[in-house]
Amino acid sequence: MDDPGNLTFPESLYDINRVSFYRSYLKELKRAMDDGANVTGYFAWSILDNFEWLLGYTSRFGLVYVDHNDLKRYPKLSAYWFKQMLERKNS
């Protein structure tokens with residue numbers, strides 16, 4: 001799940017489409033597990049915005065926005081959603 005690389009900083013942080021993607025994907029994964037699929041783990045690809053070999057820096061991936069100028073990291077809305085989802089599962 002990627003976003004265009006030309007979004008503004010605030011637009012990049014408010015990645016509601018990524019939240020919807022993960023919510024839908026994980027719901028279907030859970031359904032598959034309930035139906036007997038042998039799933040032992042899941043990880044979100046990618047955790048950080050990074051250089052993609054095919055797309056360079058023209059798309060942004062991940063739960064954390066990376067400022068390519070100073071490499072500071074900023075959690076996106078999806079990072080907070082993912083954290084809350086994991087906390088609900090563990091409580």
Side-chain angles (χ1 to χ4, degrees):
M1 159 83 225
D2 70 325
D3 289 318
N6 63 350
L7 295 177
T8 65
F9 177 66
E11 289 172 328
S12 292
L13 294 182
Y14 188 71
D15 62 341
I16 193 70
N17 288 336
R18 183 170 288 106
V19 172
S20 295
F21 169 82
Y22 279 124
R23 182 180 290 123
S24 176
Y25 187 90
L26 292 172
K27 179 181 175 184
E28 293 304 316
L29 180 62
K30 169 80 166 69
R31 184 182 313 196
M33 292 169 64
D34 291 345
D35 289 344
N38 183 15
V39 178
T40 58
Y42 175 83
F43 67 90
W45 180 262
S46 144
I47 299 299
L48 297 173
D49 282 329
N50 58 7
F51 179 83
E52 291 291 324
W53 290 108
L54 182 60
L55 300 171
Y57 291 119
T58 61
S59 288
R60 290 194 171 264
F61 298 81
L63 305 174
V64 177
Y65 177 93
V66 177
D67 184 326
H68 296 141
N69 295 313
D70 59 14
L71 301 180
K72 287 186 180 178
R73 281 118 165 106
Y74 302 89
K76 298 177 186 175
L77 178 67
S78 57
Y80 295 109
W81 176 86
F82 215 92
K83 179 180 184 284
Q84 288 177 344
M85 183 267 306
L86 292 173
E87 288 172 344
R88 281 192 311 268
K89 177 65 180 159
N90 291 327
S91 58

Is there a path of hydrophobic side-chain contacts, each under 4.5 Å between heavy atoms of I, L, V, M, F, W or Y residues, that connects Y74 with L77? no
Should K30 and D34 count as an ion pair when the cut-off is N to O under 4.0 Å? yes
Taking C-beta and beyond as the side chain, do R23 and W81 meet within less than 4.5 Å on heavy atoms? yes
With sequence neighbours left out, what residues match S59 under side chain to side chain contact (heavy atoms under 4.5 Å, CB included)? D2, L55, F61
Atom CZ in R88, atom CD in Q84: separation rounded to 0.5 Å? 6.5 Å
What is the minimum heavy-atom distance between R60 and R18, and which atoms define it? O-NH2, 3.3 Å
Do L7 and L63 sit in one hydrophobic cluster, given that two such residues count as connected whenever their side-chain heavy atoms are within less than 4.5 Å of each other, even indirectly? no
Main-chain N/O of S78 paired to D15 side chain as donor or acceptor, under 3.5 Å: yes
Any donor-acceptor pair under 3.5 Å from K76 side chain to G62 backbone: yes
Hey, quick one: are I16 and F82 part of the same hydrophobic cluster, counting side-chain heavy atoms closer than 4.5 Å, chains of contacts allowed? yes
With the 4.5 Å side-chain cut-off for hydrophobic clustering, are F9 and V64 part of the same group? no
How close do L71 and R73 get, counting heavy atoms only, and between which atoms? O-NH1, 2.5 Å
Atom OH in Y80, atom CG in L13: separation rounded to 0.5 Å? 8.5 Å
Could you tell me which non-hydrogen atom of Y65 sits nearest to which non-hydrogen atom of D49, and how far apart they are? CA-OD2, 3.1 Å
Value rounded to 0.5 Å, distance of OG1 in T40 from CE in M33: 9.0 Å
Does CG in D70 sit with more than 12 non-hydrogen atoms of other residues, nucleotides or ligands closer than 6.0 Å? yes
Around atom OH of Y14, are there more than 12 heavy atoms from other residues, nucleotides or ligands closer than 6.0 Å? no
CD (E28) and CG (D35) are apart, to the nearest 0.5 Å, by 10.0 Å
Hydrophobic clustering (ILVMFWY, side-chain heavy atoms < 4.5 Å, transitive) - are Y22 and V39 grouped together? yes
